[in-house]
**Q** 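Just passing along the structure, written as structure tokens.
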Amino acid sequence: MTPHRAGALYVALSASCFGAMAIFAKYAYLDGVDVATLLLLRFSIAALIMITLVVVQRRVWPRGLNLGLLAAMGGIGYVGQSFSFFSALEFASAALVALLLYLHPFIVTVLSAVFFGQALTQVRILAVLAALVGTGLVIGADVSGQPMGIALGVAAALIYSAYLLTANRVMRQEDPVAASTVVMSSAAVVLCAMAAFNGPQFPQSTSGWAAILAIACVSTVVAMVCLFIGIQRLGAADTATLSTLEPVVTTVLAAVFLGEQISSIQIVGGMVILAAVIMLARYGQPAPRPTAQ
């Protein structure tokens with residue numbers, strides 16, 4: 001297997017783990033957990049796991065500028081994107097907010113060409129456009145929203161695009177496990193400070209804690225490490241496009257575990273996204289390595 005295809009598999013695994021988070025979160029919310037507490041526990045538990053792993057395996061910690069960039073990715077990027085996304089849901093439909101967030105593959109592809117010299121090949125352009133269309137079909141047609149909701153949804157997409165582009169620069173030089181540990185830890189510190197003002201709402205039963213642990217272990221530790229490995233091998237643009245598998249996984253798991261119905265349009269959308277993923281995995285090319293600064 002070529003490194004490019006292996007990278008595509010890592011991103012597919014990452015997207016699957018991220019896609020499962022919505023299902024785990026449903027069970028956590030039913031057990032009395034609020035959004036702020038979920039994010040706090042998610043990153044705090046994940047950070048503890050990752051710090052232990054880095055220390056035991058004696059991995060090299062990022063230093064200098066890269067350390068600062070990774071800390072900003074967690075403390076500003078992840079927290080800011082989450083805040084924008086969940087705030088947007090108060091002013092717009094979930095479908096519209098999700099669709100706006102998934103503008104990020106197009107944004108990242110264009111900016112990767114501008115800042116990192118990645119070629120806008122025919123395969124890459126067709127794949128990102130197909131992924132956008134497929135995502136729209138999977139998410140649904142209820143795209144109503146107020147201007148504030150649209151602005152916050154676009155903000156979430158822009159912040160996540162900046163996150164991926166920063167990772168594109170940093171991950172050419174750093175260990176993915178150590179780098180993701182810094183991101184998780186910085187996010188946990190900021191969220192702890194925020195929780196001190198609002199007061200956390202912890203799970204009330206074993207099932208709620210099980211859901212939180214699943215989010216921390218599967219949808220954070222595994223998902224983020226695989227994402228960073230994918231960025232190392234593919235670059236941010238193709239990684240972002242392949243990550244559109246996430247809503248497909250969420251839709252399928254919601255049907256299996258929550259009894260939600262899958263429409264024929266969603267099936268078509270999922271097939272379009274899978275076609276885009278296969279196209280990139282088979283015919284895409286690795287992104288050029290950015291110049292170290």
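Along the sequence shown, residues carry numbers from 1. Just so it is clear, the structure is predicted and the values come from calculations on it, not from any experiment.
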**Q** Determine, step by step, whether Leu152 and Phe85 satisfy the side chain to side chain contact (heavy atoms under 4.5 Å, CB included) criterion, reporting the C-alpha distance in whole Å, the side-chain angles of both residues, the deciding distance to 0.1 Å, and the verdict.
**A** CA-CA 7 Å; Leu152 288 168; Phe85 181 83; over 6 Å; no

**Q** When you group the ILVMFWY residues by side-chain heavy-atom contacts below 4.5 Å and let the links chain together, are Val225 and Leu213 in the same group?
**A** yes

**Q** Can you tell which of Leu13, Leu242, Thr239 makes a side-chain contact (heavy atoms from CB on, under 4.5 Å) with Leu227?
**A** Thr239

**Q** Any side-chain heavy atom of Ser185 sitting closer than 4.5 Å to one from Ile51?
**A** yes

**Q** How many angstroms lie between atom OG1 of Thr52 and atom CD of Gln57, to the nearest 0.5 angstrom?
**A** 11.0 Å

**Q** When rounded to the nearest 0.5 angstrom, what distance separates CD in Gln201 from CG in Leu38?
**A** 11.5 Å

**Q** Which heavy-atom pair separates Pro105 from Ala240 by the least distance, and what is that distance?
**A** CG-O, 3.5 Å

**Q** Check the pair Ile212 / Arg42 against side chain to side chain contact (heavy atoms under 4.5 Å, CB included), numbers first and verdict last.
**A** CA-CA 7 Å; Ile212 292 294; Arg42 173 193 180 190; over 6 Å; no

**Q** Distance check, rounded to the nearest 0.5 Å: Ile125 atom CD1 versus Leu120 atom CG?
**A** 5.0 Å

**Q** Applying a strict under-4.5 Å side-chain criterion to I, L, V, M, F, W and Y, I'd like to know whether Leu103 and Val114 cluster together.
**A** yes

**Q** So how far is it from Leu164 CG to Ser243 OG, rounded to the nearest 0.5 Å?
**A** 7.0 Å

**Q** Decide whether Ile215 and Ile49 are clustered together by the hydrophobic rule: side chain heavy atoms of Ile, Leu, Val, Met, Phe, Trp, Tyr closer than 4.5 Å, transitively.
**A** yes

**Q** Given side chains that start at C-beta, do those of Leu274 and Leu245 come closer than 4.5 Å, heavy atoms only?
**A** yes

**Q** Between Thr37 and Asp34, is any side-chain donor less than 3.5 angstrom from a side-chain acceptor?
**A** yes

**Q** Answer yes or no: are there more than 12 heavy-atom neighbours, outside Ile265 itself, under 6.0 Å from its atom CD1?
**A** no

**Q** Identify whether Leu40 and Trp209 are in the same connected component of the hydrophobic contact network (ILVMFWY, side-chain heavy atoms under 4.5 Å).
**A** yes

**Q** Please check: side-chain N/O of Arg124 versus main-chain N/O of Ala119, any donor-acceptor pairing under 3.5 Å?
**A** yes

**Q** Evaluate the side-chain proximity of Ser207 to Asp31: yes if any heavy-atom separation is below 4.5 Å, no if none is.
**A** yes

**Q** Is a side-chain donor or acceptor of Gln232 paired with a backbone partner of Met171 at a separation under 3.5 angstrom?
**A** yes

**Q** Between Ser180 and Met50, what is the shortest heavy-atom contact and its length?
**A** OG-CE, 3.3 Å

**Q** Looking only at atom types and distance, does a side-chain atom of Glu174 sit under 3.5 Å from a main-chain N or O of Arg172, one as donor and one as acceptor?
**A** no

**Q** Please work out whether the ring planes of Tyr160 and Tyr163 are parallel, tilted or perpendicular, with thresholds of 30° and 60°.
**A** parallel

**Q** Are the side chains of Phe43 and Met224 in touch, meaning some heavy atoms are under 4.5 Å apart?
**A** yes

**Q** So which atom in Phe228 and which in Ala167 form the shortest heavy-atom distance, rounded to 0.1 Å?
**A** CE1-CB, 4.2 Å

**Q** Output the distance between atom CG (Leu165) and atom OG (Ser112), rounded to the nearest 0.5 Å.
**A** 5.0 Å

**Q** Identify the heavy atoms of Ala46 and Ala216 that sit nearest to each other, and give their distance.
**A** CB-O, 3.8 Å

**Q** Show, in sequence, the C-alpha distance, side-chain angles and deciding distance for Tyr78 and Met184, and conclude whether the side chain to side chain contact (heavy atoms under 4.5 Å, CB included) test is met.
**A** CA-CA 9 Å; Tyr78 244 116; Met184 295 176 202; over 6 Å; no

**Q** So do Met194 and Val79 actually touch side chain to side chain, heavy atoms under 4.5 Å?
**A** yes

**Q** Checking one residue: Leu30. Which other hydrophobic residues are in its cluster under the side-chain 4.5 Å linking rule?
**A** none

**Q** Say whether Ile267 and Val256 are linked into one hydrophobic cluster, either directly or through other cluster members, by side-chain heavy-atom distances under 4.5 angstrom.
**A** no

**Q** Answer with yes or no after comparing the ring centroid distance for His104 and Phe106 against a 6.0 Å cut-off, counting only values under it.
**A** no

**Q** How close do Val138 and Thr251 get, heavy atom to heavy atom, and via which atoms?
**A** CG1-OG1, 3.4 Å

**Q** So, Thr244 side chain and Thr241 main chain: donor-acceptor pair closer than 3.5 Å or not?
**A** yes

**Q** Take Arg169 and Leu65, measure what side chain to side chain contact (heavy atoms under 4.5 Å, CB included) needs, and give me the verdict at the end.
**A** CA-CA 11 Å; Arg169 179 208 180 281; Leu65 177 60; 3.7 Å; yes

**Q** To check you understand the geometry: which heavy-atom pair defines the closest contact between Leu70 and Pro62, and what is its length?
**A** CD1-CG, 3.5 Å

**Q** Find the distance between OG (Ser14) and CD1 (Ile231) and round it off to the nearest 0.5 Å.
**A** 8.5 Å

**Q** For Tyr10, what residues pass the side chain to side chain contact (heavy atoms under 4.5 Å, CB included) criterion, not counting sequence neighbours?
**A** Cys226, Ile229, Arg233

**Q** Quick one: does Pro203's side chain get under 4.5 Å of Leu41's, heavy atoms only?
**A** yes

**Q** Is it the case that over 12 heavy atoms from other parts of the model lie below 6.0 angstrom from the OH atom of Tyr29?
**A** yes

**Q** When you compare the side chain of Gln266 with that of Leu137, does any pair of heavy atoms fall below 4.5 Å?
**A** no

**Q** Within the 4.5 Å heavy-atom criterion, are Ile139 and Thr135 side-chain neighbours or not?
**A** yes

